[in-house]
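Contents: one structure, followed by commentary.
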Amino acid sequence: MTAFILRRSLQSLIVLFVMSLLVFGGVNMVGDPVDMLISPEADQMEIDRVIRDLGLDRPVTEQYWYFLVNAFKGELGRSFIFGEPALKLIIQRMPATMELALFSLLLAVVFGIPLGVYAGLKPEGKLSRTIMAGSILGFSMPTFWVGILLIMFFSVNLGWFPSTGRGETATYFGMTSSIFTADGLSHLFLPAFNLALFKLSSVIRLARAGTREVILQDYIKFARAKGVQESRVIRVHLLKNIMIPIVTVIGLEFGSLIAFSTVTETVFAWPGMGKLIIDSIYNLDRPIIVAYLMIIVLIFVTLNLVVDILYSFLDPRVRIKGAK
Amino acid sequence: MKPILQIENLQTHFFTKAGVVKAVDGVSFDINAGEVVGLVGESGSGKSITGFSVMGLVDAPGKIVGGRIMFQGEDIAAMSPQQLQSLRGNRISMIFQDPMMTLNPVLRVETQMVEAIKAHDSMISKSEARARARDALGLVGISAPEERMRAYPHQFSGGMRQRVSIAIAMLNRPDLIIADEPTTALDVTIQGQVIHEMQRLCEVTKTALLWITHDLAVVAGIADRICVMYAGRVVEQGPIASTISQPLHPYTRGLMGSVPSQNRRGQPLQQIDGMVPSLLNLPSGCAFQNRCAMVSDKCLSEIPEPIDVGEQRLVRCVNVGQEPAS
Ligand SMILES: Nc1ncnc2c1ncn2[C@@H]1O[C@H](COP(=O)(O)OP(=O)(O)OP(=O)(O)O)[C@@H](O)[C@H]1O
Ligand SMILES: [Mg+2]
């Protein structure tokens with residue numbers, strides 16, 4: 001197991017390195033941040049000074065080298081706009097995004113699994129068909145558009161939920177989050193639902209497909225032949241088996257949930273790192289873009305590793321192989 | 001002796017998009033307490049569906065559409081789901097063909113055994129249930145059962161897994177065990193051990209056994225009586241010795257001819273020509289007509305009724321009593 005984790009960590013480092021090359025190269029190709037940073041009235045002296053200060057007068061390769069050296073020291077540059085370390089700015093906003101992503105995931109799982117299992121058990125039923133049709137909608141409707149609809153309907157027309165921003169936060173167990181206050185929860189619900197919709201649809205589909213496959217297995221029939229209650233057959237025998245693919249996909253796609261939150265955060269003015277990156281892209285604030293992308297990549301590779309480890313806990317057959 | 005299971009004219013049909021599949025269509029036979037009955041027939045003849053009908057485990061689109069299944073005086077076909085559930089695994093157990101598939105891969109053997117006990121005795125304590133499970137594993141010849149119980153199914157060999165299934169089937173001391181080809185997936189030496197083990201256990205506990213197989217040699221070795229199925233019907237039944245030495249139905253005769261035997265060494269094995277008719281579209285009259293050497297006009301028009309030929313033997317053939325044409 002240790003060897004496995006070591007090997008995977010090394011792989012992750014290589015992925016990070018390659019990504020940093022791509023990201024750095026990509027960011028240097030689009031637009032000139034100087035235009036954004038300096039007022040049109042500034043004279044040439046002033047412009048040169050800013051360019052020098054930001055290190056933009058050096059060749060790209062040298063800039064990259066500095067970036068790498070600093071990255072090893074845990075510094076990912078300073079924001080051109082805020083003048084603060086990019087990493088600090090992102091990490092400040094990370095809890096809001098994490099809270100949104102985790103709550104979305106919770107919604108997707110809590111609603112997706114029962115709905116999917118039901119649709120799998122009664123594939124011909126009216127309700128099942130409705131669920132599946134809904135999941136297709138969830139897949140195909142653009143997130144920002146659904147977000148706007150949600151605001152119009154639930155905030156503007158019905159007035160049930162606030163339309164924008166993050167609510168009050170409270171701190172419990174050393175964790176500051178808006179899920180601990182009623183106001184926070186009411187602010188969280190709409191954006192979380194918006195972000196969850198896509199994931200909810202895929203959880204429904206996975207749960208349904210898994211159910212339809214597993215329910216035909218001999219071990220389900222054998223469990224029934226033992227006289228085990230039907231509710232237990234579903235809760236234990238079926239659910240434990242369909243959780244394997246669901247956990248894999250949920251885990252692997254958690255990164256995409258964070259990445260996708262940029263859209264939702266923008267629509268709902270959620271003060272997370274997704275909103276920060278969008279603003280930074282508008283302002284060509286290169287260090288923040290680079291740092292953000294690197295953090296996302298890091299999250300992805302870490303999740304991959306965690307899922308592989310988790311997988312071995314869910315499926316005893318994998319556990320044995322891993323131990324050898 | 002009073003039979004514990006009486007199946008009368010059982011009809012289990014599958015209502016598929018292509019039409020009605022008459023998987024079981026008029027099956028009748030009895031099983032006495034403690035008796036071993038072999039149910040043989042080729043693939044698709046409806047043996048498993050007969051077994052599942054008795055368990056109340058026919059999956060949609062299948063349905064029991066006719067007949068009675070009397071178990072110790074109660075009609076199973078008319079029971080509520082709750083009644084069926086308390087019967088299954090308690091008074092009637094079932095063992096499946098493929099031991100690689102019957103145990104849930106993600107649950108410990110212990111969990112799968114304890115739940116079978118708790119399903120029928122909600123008052124029993126966990127430790128008591130564990131002890132019973134452990135003893136049951138010991139009985140079927142699994143060494144160090146205490147330890148092995150903690151393992152997952154994939155940590156057992158095929159033969160061992162089938163022993164586990166047998167132990168599970170016997171946990172609640174059922175009166176009847178339906179064994180659906182329990183040794184087909186095992187290699188020959190293990191097969192022998194498992195058959196022997198089952199036979200011994202059922203004898204000790206006086207459990208009746210319905211042994212489903214297409215292997216006549218196995219049936220000949222363990223059964224008291226035999227039922228031969230063809231296309232959803234029992235075409236011949238009777239005590240094992242006389243039925244095997246003097247098969248009366250042309251299909252049974254064909255089956256016997258296709259079994260390798262010491263007495264006919266060197267002679268080519270016979271085979272039954274032709275194909276089983278589609279259960280979707282059975283011919284009127286006898287289902288065996290297209291493969292039978294003795295077919296007559298009567299066979300084409302009427303479904304033969306069981307004829308009692310004495311010595312507790314029943315045959316569904318209009319030609320019974322006449323010598324084969326050859
Ligand atoms: N779900 C189903 N839908 C339609 N037809 C079915 C279904 N299940 C079984 N059947 C039909 O029932 C018939 C009898 O099946 P059964 O499993 O009882 O055969 P069997 O005698 O046990 O054969 P085998 O030796 O291969 O196990 C088959 O020919 C099959 O066509
Ligand atoms: Mg079968």
Side-chain angles (χ1 to χ4, degrees), chain A residues 113 117-128 206-207 210-248 309-324, chain B residues 48 51-52 54-61 81-109 111-122 150-155 161 164-165 168-169 171-172 174 177-178 180 185:
Chain A
I113 290 177
V117 169
Y118 179 87
L121 289 177
K122 295 198 164 59
E124 304 294 334
K126 262 217 174 66
L127 184 56
S128 303
L206 280 170
T211 302
R212 295 201 64 181
E213 190 191 315
V214 169
I215 203 76
L216 299 176
Q217 298 294 316
D218 271 2
Y219 55 77
I220 296 288
K221 203 155 199 174
F222 190 60
R224 288 179 177 147
K226 291 190 294 191
V228 172
Q229 295 84 339
E230 190 62 20
S231 63
R232 186 177 159 90
V233 172
I234 303 295
R235 266 189 303 110
V236 178
H237 290 262
L238 181 106
L239 218 52
K240 270 212 145 190
N241 279 284
I242 67 168
M243 280 320 278
I244 296 171
I246 293 180
V247 165
T248 314
I309 294 169
L310 208 65
Y311 201 86
S312 72
F313 280 102
L314 275 177
D315 193 338
R317 288 163 294 189
V318 177
R319 204 176 308 164
I320 289 303
K321 274 182 225 132
K324 270 177 200 162
Chain B
S48 298
F52 288 137
V54 174
M55 296 293 288
L57 280 178
V58 180
D59 287 325
Q82 282 75 21
Q83 286 174 306
L84 277 172
Q85 188 214 308
S86 65
L87 185 87
R88 283 200 289 264
N90 191 20
R91 291 158 68 196
I92 309 179
S93 293
M94 191 155 179
I95 301 167
F96 292 4
Q97 171 170 352
D98 191 349
M100 298 302 183
M101 309 294 292
T102 36
L103 298 175
N104 195 325
V106 301
L107 300 177
R108 291 180 201 279
V109 164
T111 314
Q112 305 192 45
M113 296 188 84
V114 167
E115 72 176 356
I117 298 171
K118 289 209 146 189
H120 302 289
D121 184 356
S122 50
R150 304 285 305 155
Y152 287 92
H154 70 269
Q155 292 163 301
R161 276 192 233 188
V164 172
S165 310
I168 290 177
L171 273 176
N172 295 312
I177 294 179
I178 299 172
D180 190 357

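Note that the structure is predicted; figures quoted are calculated from it, not measured.
Heavy-atom distances place the side chain of B:Ile168, and not its backbone, under 4.5 Å from chain A. Proximity to chain A is limited to the side chain of B:Met55, based on heavy atoms less than 4.5 angstrom apart. Interface residue B:Thr102: backbone and side-chain heavy atoms are both found under 4.5 Å from chain A. For B:Gln82, no part sits under 4.5 Å from any heavy atom of chain A, backbone or side chain. Residue contact with chain A, scored on non-hydrogen atoms closer than 4.5 Å, involves the backbone and the side chain of B:Leu57 alike.
Distance check: B:Asp59 CG to A:Leu216 CG gives 7.5 Å after rounding to the nearest 0.5 Å.
Checking A:Ile244, A:Val236, A:Leu239 one by one against B:Val106, the side-chain contact (heavy atoms from CB on, under 4.5 Å) holds for a single residue, A:Ile244.
Residues B:Phe52 and A:Lys221 meet the side-chain proximity criterion, which asks for heavy atoms closer than 4.5 Å.
The shortest non-hydrogen separation linking A:Asp218 to B:Phe96 is O-CE2, 3.7 Å.
Residues forming a side-chain contact (heavy atoms from CB on, under 4.5 Å) with A:Pro245 (at least two apart in sequence, or on another chain): none. Residues satisfying the salt bridge (charged side-chain N to carboxylate O under 4.0 Å, His left out) criterion with A:Arg212, sequence neighbours excluded, are absent altogether. For B:Asn104, the side-chain hydrogen bond (donor to acceptor under 3.5 Å, both in side chains) partners are A:His237, A:Asn241, not counting sequence neighbours.
Taking a 6.0 Å sphere around CD of A:Glu213, one finds it holds 12 or fewer heavy atoms contributed by other residues, nucleotides or ligands.
For residues 223-231 of chain A, heavy-atom neighbours of chain B at less than 4.5 Å comprise A:Arg224, A:Ala225, A:Lys226, A:Gly227, A:Val228, A:Gln229, sorted by residue number.
Counting heavy-atom pairs closer than 4.5 Å to chain A, the top-ranked of the candidates B:Arg88, B:Met101, B:Lys118, B:Gln97 is B:Arg88.
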